[in-house]
Structure formats: structure tokens, C-alpha cells
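Here is how names work: the chains are called A, B, and so on, in the same order as the sequence lines, proteins then strands, and each is numbered from 1. As the structure is a prediction and not an experimental result, all values here were calculated from the model.
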Amino acid sequence: MSSKVRVRFAPSPTGPLHMGGVRTALYNYLFAKKHQGDFILRVEDTDQTRFVPGAEDYIIESLKWCGIEPNEGQGYGGDFGPYKQSERKHLYRQYVDQLIESGHAYYAFDTAEELNEQRELAKSQGKAGWQYNSITRQYLKNSLSLSADEIKQKLDEGEPYVIRIKLPRNEEVRFYDEIRGWVVVNTANMDDKVLYKSDGMPTYHMANIVDDHLMEITHVIRGEEWLPSAPLHILLYQYLGWEAPKLAHLPLILKPDGNGKLSKRDGDRLGFPVFPLEWKDPKTGDISSGYREKGYFPEAFVNMLAFLGWNPGTPQEIFSLDGLVEAFSLERVGKSGSKFDPEKTKWYNQQYLREKSGEELAQLLKPSLSFDVSDEFLAGVCELMKERALFIQEMLEDDYFFEAPQAYDEKTIKKKWKDQTPEIITELTSRYEQLEDFSAKKIEETFKSFLAEKELGMGAVLPNFRVLVTGKGMGPSMFQISELLGKEEVINRLKTGLERLEKQKA
RNA sequence: GGCCCGUUCGUCUAACGGCUAGGACGCCAGGUUUUCAUCCUGGUAAUAGGGGUUCGAUUCCCCUACGGGCUACCA
């Protein structure tokens, strides 16, 4: 009896989606598609204090840009909604009550201040890591330590309370992690986590378990930061009498230099985006750069992300999304954290840039253009430029394609412009004028036979030809550039350039 | 501090006990090119340390070191 695979990506709308989060979403997506399953987006907004406007839309748009859209969930609908936890608030209480009735949870009336005092006290005695557990709960204010009357009175008076899980003192909790294998933790090292907050909202732990169960999630694929709380979740499933989904904890993405989790700061410091899309902080107005705005292709970004912690076991490194789906498996996900490499990301982008035709690139570029140019011409520019570019916007960096040069590269002039150059150029120009078919091939033939006739080397003429037409000392093939610009334009540029340079000399 | 997870070239990684530890990025050198880029060829560089188990360990076990995560009425 194999039920349909259902996985979920469950971010909190507390800010822009970090690329680590995108990778988690990606792996979930790949796993779902690989097994003809469902990929669900659930928004975990149980902490109202951390809500950031715009974050939810940002998450949805990011996934969309990456091409890893959920087929069910917040913004997509489905039979298991609502998909936002704040809208599911009414669902959780009954399960918490069930836990209380079965003796697996209890009321606790201690205030945050009181608990902080306990922690401070423990700390001052040299004991870090104070816990609300099977020992300490005996002398704290909760429904296990207080009398029935006291409890009733507090509840009747409306005194704020939380509900905590009641953990056994010394019991081994074990679970099989699809990536790490068996993990064993003793409840003696765990604490009685809050399941239900005094504001009437469940905590992550409770909401997570209830929703995963109700939404019939079969596999939980999430970041390694959740590994320590996995035993708690296992216990919760057990106490609720539910079958736990399979768990897989992904290794973290680390900063490129030094150690530690990749953070927004690292991107700012080292000059690369950590977010898929640009994000403007609604409070501070600060802008964080995004891969999309930097000119990365979503395919390249996704390809790079997929390989950060996973590999197909073959030398192939370039994969389309469908290819990734085909090749993906949880078994080939590594156990250790991966340092992010911005250089390799650029390389991925370059690979995708090359695969695109001039026409495709032209279409992508067109919306950002501030001047008029034909599709055909723009495609020609892209065709010439793409071999030497990493990013699509570099196609437009050489403005000589769109207007005659105003200045001429001094280094080239100094090195290559000789006394006899004007004469050579003048004659070359007239040869070009006689050309009927101004194609790259013909231009090159004309140019080369001219050189042979005059017994001149490439180096004596081509750089000057280039600098007059483009103003630059380097670039793509001059013959192809010439064909693209057209006979009239090339001849014009040669003539006016020659004039200007001679005037300068005089 | 406690608990958990991890550790192969600078980086991403391959090698599911058995060839000179392979590939990719980067870097360096040579070639191609009018030039830059591309491209081609070559080079650089790793099993954290120590014990076991074994005929044989990158691979299995233990210890140490180092790194990371968690340790909230945050997710």
C-alpha cells in the first residue's frame, strides 16, 4: 500500500527567502516530481510578532521565478487548506487538549520573566543551558506541581498560560533520517517544549506536526537546523497516535570563506546575492540584491543550487529542471555542509548563456532597452557577444554596436597607428566600397587579399581597422562586426575616424 | 557548558574494503586568436590526527582535534 508522495516547503514569512531556503524547496520539488507526488507550499506564520509584509508574495514569486512552483498550497489552492497556519488556528487546540487528556502535556503558568530568572540563576552558578524538564517542572508553576484547586482558580481568573509537552525522564527516542541514518537522543537531554503559546497560537513544533499529519505529508525534507527538534516531533506523533512521515535533514549552506551558515551579511561583504530576487526591506528601505536582478538565469541558479549538497554520481554538471527531477535522489545528498562558491555560480550562468541563441537573448534583453533597435540586429549583437560574456547584460556593454565611437582606444593608437596607416586605411576603405556583398566572409577575403597584395601583416592593419570602427582595442571578429553594422556604417566610421585621428595628430 | 550532526585537493564533489584517490570551479603554463573572451593541451593540489578490525582501508569501529547546528511563549 504505497500512498502518494506528498512533500511540503514550509517557510515563515519573516523576510526574503534565503537561497538555502530555495534549495530546500528545490529538493522537495525534485523529490515530489521524481515520485509523481505533490509539492505543497505551507506558510508558517504562527509568530505574529515577526510577520513581515510582502514576504509571502516574495516567497511565491521566488519559487515561480525558479520554476519550482507548488501544485498545491498557499496561493495555489488544494483540498487540504487553508495553507497558512494563522488561518488554521482553530484546528490546533483540540490536539493540544488531546495531549493534556492523555497526560502528555500540561499547563504552565510561569511568566517569561520568571523563566529568565531561572536561567540567569543557573548561569550565575556556572550551569549553562537551564531546562524546563522533568526535574525543574516539579518546583515551577504548572498543572503537574499545583493542586487541582489552584489550577482551576488560575484558569478561571484567566491567568495566561502555555501548554508544554510532558517528556519522560529517561527514554531513548530514535528515528531514521533518510540522509543521516539512525539518530538517537535521550529525553533526559530534551526539555518540555512549549506547544501552545499564551496568545492562543501553537508553536512551530505543534503546528508542524498537526499540519503535516492533516495534509498527509509523507516526507519531511528540511534543513539541518531542525535535526535537534526531530526527536520532539517523533514523540508528538507517537503521543497523538499518528504515523510519522519519513524525515530527511539537509546539510547547511555555508559562507564561502571562514565558517558558519551563509547569511545576508556574507553577500553584502563578498559582493554576491543571497536572495533569489531583489528585496527591499519595508522597514529600513535597505535593498538586498537578487540573482534575478544581477542577470542570472533561473536555470543556472537552480542548477547551481542543486549541486550544493547533491550530485548525480556522473560527470554531468549541466541539468535542466526536468533532468534534475530524473536524476535526483535523497541517497545522493551529502551529509556535510557545503561552502557556497560565487565563482562556480558565474560559471553555471555562462554555460546557460552560451546555450541560448541570439534570438532568445535578444528577446530577454528587449524589455530593458532604452532605445530602438531591430530584433534581428540585437540578435546579431548577442550572437557575437555571448561567447565572451558571463551575464546577459554584458551583451549591451559595447555601445559601438549602437552608435559610432566618440573616442578611440589610446593604447591601440599609440602602438599600432603608423605614418603609413592613413594611406592603408584609405585604400582598404575603397576596396570595401567596391564590395557588393558585404558579408563577413567577403569582407575577410577582401581584407586578406589586400594584405597579401600589400605584403602587410594582420597586426599592422586589423587593430587600426577595429579601433576606427569600434573605438576599442579588443572585441569579437571585426569581419562579423562589420557585416552586422553594414557597409554604409562601416565605411562612414572608417572615414570619419580617419579624419578625426589625423586632425588630432596635426 | 550540554546535546546532536559532520570532516577527501583552496571550493563543490566521485570512489557504497581492493588499480598511480577521478571529475568540475579557481589558479598557473603552453597552443589557437589582430586583440580580449572562447576553445584545446598540460600542470597545481586532498583522504584532520591517533588507535584498532582486515590479507588490504577514503570506505567499518573507538578516541582526540576541528567545524557546524540546536539549546525562546522564533521558525
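With C1' as the reference atom, B/U20 and B/C28 are 23 Å apart, rounded to whole Å. Here the separation of B/A57 from B/C62, taken at their C1' atoms, is 16 Å to the nearest Å. Annotation: B/U58 and B/G49 have their C1' atoms spaced 15 Å apart (nearest Å). A gap of 9 Å separates the C1' atoms of B/A15 and B/U59, to the nearest Å. Between the C1' atoms of B/C60 and B/G1, the separation comes to 32 Å (whole Å). Distance check on atom P: B/U41 versus B/G6 gives 39 Å, rounded to whole Å. Comparing B/C4 with B/C9, their C1' atoms are spaced 29 Å from each other, to the whole Å. Rounded to whole Å, the C1' atom of B/A75 lies 14 Å from the corresponding atom of B/G69.
Backbone-only engagement by A/Gly260 is indicated by non-hydrogen atom pairs under 4.0 Å involving sugar-phosphate atoms exclusively. A/Gly475 comes within 4.0 angstrom of a nucleotide base, judged by non-hydrogen atoms across all strands. Counting non-hydrogen atoms under 4.0 angstrom, A/Arg354 reaches the backbone sugars and phosphates but no base. If you check every strand for non-hydrogen atoms under 4.0 Å, A/Val162 touches a base. Within the nucleic acid shown, A/Arg180 comes within 4.0 Å of sugar-phosphate atoms alone, with no base atom in reach, counting heavy atoms only. Contacts of A/Val183 with the nucleic acid, taken as non-hydrogen atoms under 4.0 Å apart, involve only primed sugar atoms and P, OP1 or OP2. A/Asn133 comes within 4.0 angstrom of no nucleic acid atom, judged by non-hydrogen atoms across all strands. Backbone-only contact: A/Thr46 has heavy atoms under 4.0 Å from sugar-phosphate atoms and none from a base. No contact: A/Met201 has no heavy atom under 4.0 Å from any strand. Note on A/Arg119: only backbone sugar-phosphate atoms sit closer than 4.0 angstrom, heavy atoms only; bases stay farther off.
The separation between A/Leu462 atom CG and B/U35 atom C1' is 9 Å, rounded to whole Å. A/Asn464 places its CG atom 10 Å from the C1' atom of B/U34, with the value rounded to the nearest Å. A straight line from CG of A/Asp191 to P of B/G2 spans 17 Å, rounded to a whole angstrom. Taking atom CH2 of residue A/Trp226 and atom C1' of nucleotide B/C3, one finds them 17 Å apart after rounding to whole Å. Atom OH in A/Tyr352 sits roughly 19 Å away from atom C1' in B/U38 (whole-Å rounding). The distance between atom CZ of A/Phe9 and atom P of B/A75, rounded to the nearest whole Å, is 16 Å. A/Leu227 has its CG atom 7 Å from the P atom of B/C5, to the nearest Å. Residue A/Asp398 contributes atom CG, which lies 14 Å from atom P of B/A37 at whole-angstrom precision.
Pair assignment for B/U38 gives none, since no Watson-Crick or G-U wobble pairing has each distance under 3.5 Å. A 3.5 Å limit on both hydrogen-bonding distances identifies B/U64 as the Watson-Crick or G-U partner of B/A48. Base pairing of B/C70: its partner is B/G2, meeting the Watson-Crick or G-U wobble criterion (both donor-acceptor distances under 3.5 Å). B/C25 and B/G10 make up a base pair, with Watson-Crick or G-U wobble contacts both under 3.5 Å. Across all strands shown, nothing is found opposite B/U20 as a Watson-Crick or G-U wobble partner with both distances under 3.5 Å. When Watson-Crick and G-U wobble pairs are counted only if both distances are under 3.5 Å, B/A75 pairs with no nucleotide at all. When Watson-Crick and G-U wobble pairs are counted only if both distances are under 3.5 Å, B/U33 pairs with no nucleotide at all.
A centroid separation of 6.0 Å or more is found between the aromatic rings of A/Trp310 and A/Tyr27. Outside the 6.0 Å centre-distance limit, the rings of A/Phe297 and A/Tyr352 are not counted as a close aromatic pair. Between A/Phe301 and A/Tyr291, the ring center distance clears the sub-6.0 Å criterion. Checked against the 6.0 Å centroid threshold, A/Tyr432 and A/Phe465 count as a close aromatic pair.
Other residues, nucleotides and ligands contribute more than 12 heavy atoms inside 6.0 Å of the NZ atom of A/Lys197.
Taking only side-chain atoms of A/Glu225, from C-beta outward, the nucleotide of B/C70, B/U38, B/C73 with the closest atom is B/C70. Here B/C73 is the nucleotide among B/A75, B/C70, B/C73 with the atom lying nearest to any side-chain atom of A/Leu115. Residue A/Lys193 places its side chain closer to B/U71 than to any other of B/A75, B/U34, B/U71. Closest approach to the A/Pro228 side chain among B/G26, B/G69, B/C74 is made by B/G69 (side chain taken as heavy atoms from C-beta onward). In this structure, of B/C25, B/A75, B/G2, it is B/A75 that holds the atom nearest to the side chain of A/Tyr204. In the set B/G26, B/G68, B/C74, B/G26 carries the atom at the smallest distance from any side-chain atom of A/Trp347.
Between A/Asp212 and A/Arg42, at least one side-chain N (NZ, or NE/NH1/NH2) sits under 4.0 Å from a carboxylate O, which counts as a salt bridge. A salt bridge links A/Glu343 with A/Lys346: the distance from a Lys NZ or Arg NE/NH1/NH2 to an Asp or Glu carboxylate oxygen falls below 4.0 Å.
Both A/Tyr196 and A/Val185 lie near RNA chain B, and the one whose nearest nucleotide falls closer to the 5' end is A/Val185. Nearer the 5' end of RNA chain B, as judged by each residue's closest nucleotide, is the contact made by A/Lys335, out of A/Lys335 and A/Met458.
Side-chain to base pairing of A/Arg388 with B/C36: one donor and one acceptor N or O lie within less than 3.5 Å of each other.
Under 3.5 Å, the side chains of A/Asp211 and A/Tyr92 contain a donor-acceptor pair of N or O atoms. A donor-acceptor pair shorter than 3.5 Å can be found between the side chains of A/Arg332 and A/Asn311. No hydrogens or angles considered: a donor-acceptor pair under 3.5 Å links the side chains of A/Asn170 and A/Asn186.
A 4.5 Å side-chain heavy-atom check between A/Met478 and A/Val469 finds at least one atom pair inside the cut-off.
For the pair A/Thr203 (side chain) and A/Val194 (backbone), a donor-acceptor distance under 3.5 Å is present.
Distances shown here put a side-chain N or O of A/Lys197 below 4.0 Å from the OP1 or OP2 atom of B/A75. Proximity of A/Arg164 to the phosphate of B/C73: a side-chain N or O atom is located under 4.0 Å from OP1 or OP2. Residue A/Lys261 places at least one side-chain N or O under 4.0 Å from the OP1 or OP2 atom of B/C70.
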For nucleotides 10-13 of chain B, which of its nitrogen or oxygen atoms have a protein nitrogen or oxygen under 3.5 Å away, and what is each distance?
unit_1	atom_1	unit_2	atom_2	d
B/C12	OP1	A/Lys339	N	2.8
B/C12	O2'	A/Phe307	O	3.0
B/U13	OP1	A/Gly309	N	3.0
B/U13	OP1	A/Ser338	OG	2.7
B/U13	O3'	A/Asn311	ND2	2.8

